[in-house]
Number of protein chains: 2
Amino acid sequence: MLNEDTLSISQNCADCPIRHRAVCARCESDELERLEDMKYYRNFEAGQTVIWSGDKMDFVGSVVSGIATLTQTMEDGRTQMVGLLLPSDFVGRPGRDGAAYDVVATTDLVMCCFRKKPFEEMMGRTPHIAQRLLEMTLDELDAAREWMLVLGRKTAREKIASLLSIIARRDASLKLAGSDGPMVFDLPLTREAMADYLGLTLETVSRQMSALKKDGVIQLEGKRHVTVPDFTRLMEEAGDDTDGGMLA
Amino acid sequence: MLNEDTLSISQNCADCPIRHRAVCARCESDELERLEDMKYYRNFEAGQTVIWSGDKMDFVGSVVSGIATLTQTMEDGRTQMVGLLLPSDFVGRPGRDGAAYDVVATTDLVMCCFRKKPFEEMMGRTPHIAQRLLEMTLDELDAAREWMLVLGRKTAREKIASLLSIIARRDASLKLAGSDGPMVFDLPLTREAMADYLGLTLETVSRQMSALKKDGVIQLEGKRHVTVPDFTRLMEEAGDDTDGGMLA
DNA sequence: GATGATCCTTGACCCAGATCAAGCGCGCGA
DNA sequence: TCGCGCGCTTGATCTGGGTCAAGGATCATC
């Protein structure tokens, strides 16, 4: 429960792995220098809670490496994941003090944090930071709305296929593109986390994973290592427009 | 299917009903003048489609009066509402050409539209427009995430209660606040639209409305006119933290 | 005042996914 | 090497909400 895991890895923005995709993507080197003054790194272990819903937040920041989840919980314990934070994703909301959601590290996690006050001030004086954040927020809003369709209208099988295709697509975009060969990746989520993402129980997740495997839509090695022999097939199972993701 | 309903009501920004809440909330009068050059009003009748998903959009804009819905539809016809657009809400995404969702007028609707190109340029040169849009987008993102919890984890009865409490709260905030008396409002949505919002069928919506009525949580006069004698009770039925909305 | 059309309600039945329960397999600490 | 815990699978049963079907209420048009 102690988040004192603050490790000041001396690291500078110039060779940051998320340099070109995070909030700071469009900053010039003099602006990066100013950002470096207000920034610090924090490390979290898999399973650790980064922020509790309702806590006061005195920082905002970016995921540098690892994966975290945004979740909302009702009093009786029902929980729903409302966001999946990947490297370069932004955490926290300028202009608001309390955290609205729990943030939990799913894997080991490194975050680049900015002290909130100075960051807000800088955002006021540096338009393209706000513009970049707007862009990122609009993308997140689109993702959230896509997810509303999944939660509201898709069957359990379609939900699982949707999640797998999202993770597969993201993984492919990291490991530089190309190659129509089978897609291979490791699931970063437990069955329970998948259930929380999809509004299902973990038993249903397990059953549908088994069904997709039996039907040859995916292959499983162990519980987490997934091979997708035919991505188009997976997309069909997800109920998505088959040609959907192919533009852009 | 003809949207030629363009009616140039001569109207100026100074006495616009959403002046202080829309994207232009923080604009000075000289900036408003520039906005007036690129703006025009459009009227739609209840039921008319404002934008088809996938269409090229050459404008962005704000809802001035009336209500519209943002919906997503799968090939087989399943549809999910992903946003409810109320006066002052923003439509369209700067920096993207195609519309991502269908926008449909639920009631008669007046929109204040800006030609997209000039608006984008102005946004580049006027930081507080982007900042205001960021603020609004972050609010929408929060609303979308709240809705993900509703869609993923709530029962039919809780879903209905959640929707009613949202509409009741919004209505109260318009009719200036105060008064612990019963809240009274008209539902702006058909049972089918409510179903699309909540990921239910219209039959289930109807049954749960009847159940809430029978249990005295709401009173119904006709199909649309709702009285909420005890808002706290409604919030409990929604499964929300009873004291949730009371801060701020 | 009949004739639809639209929107809504209610009933009967069914099924996808939840719930309850048992057990497997793998990694880890003693 | 054992045992124990965690993550996962699988089976049996239950149920909330979907599906199908039959009207009712209100309104506009003839």
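Within every chain, numbering begins at 1; the chains are lettered A, B, ... in the order of the sequence lines, protein sequences first and strands thereafter. Keep in mind the model is a prediction, meaning the values are calculated, not measured.
The backbone N or O of A/Arg153 lies less than 3.5 Å from a partner atom in the side chain of B/Arg78, making a donor-acceptor pair. A/Gln48 contributes a side-chain N or O that, together with a main-chain N or O of A/Glu45, makes up a donor-acceptor pair within less than 3.5 Å.
The interatomic distance linking B/Lys213 (NZ) with C/dC8 (P) rounds to 14 Å, in whole Å. Atom-to-atom, CZ of A/Arg207 to P of D/dG7 comes out at 19 Å; the value is rounded to the nearest Å. For the pair A/Leu189 CG and D/dC8 C1', the interatomic distance rounds to 15 Å; values are reported in whole Å. Remark: C1' of C/dG25 and CG of A/Leu220 are 15 Å apart, rounded to the nearest angstrom. If you measure from atom CG of B/Leu202 to atom P of D/dG18, you get 10 Å, rounded to the nearest angstrom. A/Arg153 has its CZ atom 12 Å from the C1' atom of D/dG17, to the nearest Å. Atom NZ of A/Lys223 is separated from atom P of C/dC26 by 7 Å (rounded to the nearest Å). For B/Lys159 and D/dG16, the NZ to C1' distance is 11 Å, given to the nearest whole Å.
Checking A/Glu203 against B/Met209, the closest nucleotide of DNA chain C that is more toward the 5' end is the one next to B/Met209.
For the pairing with A/Met183, the side-chain contact (heavy atoms from CB on, under 4.5 Å) check across A/Val226, A/Val228, A/Ile218 returns one residue only, A/Val228.
At a cut-off of 3.5 angstrom, counting only N and O atoms as typed in the model, there is no donor on one side facing an acceptor on the other between the side-chain of B/Arg191 and the base of C/dT10.
The two residues B/Ala46 and B/Asp108 come nearest to each other via the heavy atoms N-OD1, 2.8 Å.
For the OP1/OP2 pair of C/dA16 and a distance below 4.0 Å, the side-chain nitrogens and oxygens of A/Thr155 include no atom meeting the criterion. At C/dC8, none of the side-chain N or O atoms of B/Ser206 fall inside 4.0 Å of OP1 or OP2 (strictly under the cut-off). Contact check, B/Thr204 against D/dG18: a side-chain N or O comes under 4.0 Å of OP1 or OP2. Side-chain N/O atoms of B/Ser210 include one lying less than 4.0 angstrom from OP1 or OP2 on C/dT10.
Distance from the side chain of B/Thr201 is smallest to D/dG18 among D/dG18, C/dA18, D/dC8.
Counting any heavy atom pair closer than 4.0 Å across all strands shown, B/Gly199 reaches sugar-phosphate atoms only and no base atom. Residue B/Arg157 is out of contact with every strand shown, counting any heavy-atom pair closer than 4.0 Å. Using a 4.0 Å heavy-atom criterion, one finds that A/Thr190 contacts the sugar-phosphate atoms exclusively.
Using bins of under 30°, 30° to 60° and over 60° for the plane-to-plane angle, the ring pair B/Trp147/B/Tyr197 lands in the tilted bin.
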